[in-house]
There are 2 protein chains.
Amino acid sequence: MTALIITKEQKELIERIGVFYEQQGLPPAVARVIGLLMVSDQLELTFEEIYTLLKISKSAASNAINLLLNTHRIEYITKPGDRRRYFKVRFEQWEKMLKERMQFFSSHVSLLKEIQSQRTPKTREFNAKLKEFIGFIEFIHKEMPLMFKKWNPKNNKI
Amino acid sequence: MTALIITKEQKELIERIGVFYEQQGLPPAVARVIGLLMVSDQLELTFEEIYTLLKISKSAASNAINLLLNTHRIEYITKPGDRRRYFKVRFEQWEKMLKERMQFFSSHVSLLKEIQSQRTPKTREFNAKLKEFIGFIEFIHKEMPLMFKKWNPKNNKI
DNA sequence: CTTTTGGTTCTGTTGTATATGAACTAAATA
DNA sequence: TATTTAGTTCATATACAACAGAACCAAAAG
């Protein structure tokens, strides 16, 4: 039972990270688990360390951890002769996830095109604007991979 | 009382648009109001037309419309000698909003930098990955305006 | 076999978002 | 002045998200 300590400043930062990820749509407890794993001096934390440091219940911790595992935001390692799992953030995935989330924004082209095909031809100006907007989204959708590639040239899809 | 009619296919499309905007974080009724305004043959709809066509209560319609007005997704026009407001989608704004939302993704650089500055230097590999991720986000943040400019050259910010 | 450990699952509480329907209001009309 | 219209606001219902706490469970240790 090596008592890992987190400072007041770290706690405060965890809360701020928590608020940020709440705004991105994650539940509060989940967001704080991410925060903890990001600021902790120790990279790999056990289940017990997580719920005691964050002062949340075991069930909250369990659900939060499983959500984060399922969404590939964290992973865990094990150690020989130790039944516990050691959870850590899965940083390599973050760049990928950010790319995917950005791509999602342009994912409704098909829906917009359906609207376009169902629209009355009478509303010419509106239809023209719709067309332009679709054009913009298609441009983004095509251009973003190029942008990513520019950052990391060996990356050739998404 | 010119009874504007929307077809079965239009209704179905409105629901699909509704689901999409729900996923983007809008409340169901709000999402359907957008859908209706996007597919309707008539571009400008009154309050009454909106809540009767969508079969939602007046209060739900009122709240939805006000939310959409406040977030600049719709606007209204008036007609001389007519007390009603005619609501319509504000298409020009959509491209701008999409850009802003995409930029928001890279808005947590400062938070990540704080994490970076508070981290123990002991975890070298982790810190290196963090640094790289920050680099990526900064790249995106810088590069996106260029991408937008490429689409619309007279556009020189955001 | 009993106890401990590392979690998971169940039950119940609380808070909040979304909606309805009715009451209300202010302007226009009759 | 009375009534209709175009909405807003209020009271209330419903539903669900998020969590706590306790019971539970399976593997390992004693």
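These numbers were taken from a predicted model, which means no experiment stands behind them. Heavy atoms only: backbone and side chains are in, while hydrogens, waters and symmetry mates are out. Chain identifiers are assigned alphabetically (A, B, ...) following the order of the sequence lines, protein sequences preceding nucleic acid strands; residue numbering begins at 1 within each chain.
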Could you check whether A:Gln10 and A:Asp41, counting side-chain N and O atoms only, form a donor-acceptor pair closer than 3.5 Å?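 Short answer, yes.
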Counting heavy atoms from C-beta on, name the nucleotide in D:dA20, C:dG6, C:dG21 closest to the side chain of A:Glu48.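 When the side chain of A:Glu48 is considered, C:dG6 is the closest of D:dA20, C:dG6, C:dG21.
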Send over the distance from [X] [atom1] to [N] [atom2], rounded to a whole Å.
X	N	atom1	atom2	value
A:Leu54	D:dA20	CG	P	10 Å
B:Tyr51	D:dT5	OH	P	10 Å
B:Lys79	D:dT5	NZ	C1'	17 Å
A:Phe47	C:dT9	CZ	C1'	11 Å

From [atom1] ([X]) to [atom2] ([Y]), nearest 0.5 Å:
X	Y	atom1	atom2	value
A:Glu125	B:Leu43	CD	CG	9.0 Å
B:His141	B:Ile134	NE2	CD1	13.5 Å
B:Leu54	B:Arg32	CG	CZ	9.0 Å

Please say whether the positively charged group of B:Lys88, taken as NZ for Lys or CZ for Arg, lies over the ring of B:Tyr76, i.e. under 6.0 angstrom from the six-membered ring centre and within 45 degrees of the axis.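 Output no; distance or angle outside limits.
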Both conditions, 6.0 Å and 45 degrees, for the charged tip of A:Lys129 above the ring of B:Phe91: are they met here?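 Not satisfied by the 6.0 Å and 45° rule.
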5' to 3', nucleotides 25-30 of chain D under a 4.0 Å protein heavy-atom cut-off (B base, S sugar-phosphate only, - none) gives -BBS--
Below the 4.0 Å mark, does C:dT5 have OP1 or OP2 next to a side-chain nitrogen or oxygen of A:Arg85?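 No, no such contact exists.
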Taking A:Asn63 for the side chain and A:Lys58 for the main chain, is one N or O donor matched with an acceptor at less than 3.5 Å?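 No.
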Are B:Lys113 and B:Glu138 within salt-bridge range, i.e. N to O under 4.0 Å?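 Salt bridge between B:Lys113 and B:Glu138, a charged N being under 4.0 Å from a carboxylate O: yes.
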Check: A:Leu36 and A:Ile6 side chains under 4.5 Å, non-hydrogen atoms: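 Counting from C-beta outward, A:Ile6 and A:Leu36 do come under 4.5 Å.
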For DNA chain C, find the residues of residues 59-69 of chain B with a heavy-atom distance under 4.0 Å and give them by number; none if there aren't any.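 The answer is B:Ser59, B:Ala60.
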Just to be sure I understand the geometry, which residues of residues 21-29 of chain A put a non-hydrogen atom under 4.0 Å away from DNA chain C?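 Heavy-atom contacts with DNA chain C come from no residue of residues 21-29 of chain A; none.
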Taking the inter-plane angle between the rings of B:Trp94 and A:Phe133 on a 0 to 90° scale, is it parallel (under 30°), tilted (30 to 60°) or perpendicular (over 60°)?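 Perpendicular, since the angle between the ring planes exceeds 60°.
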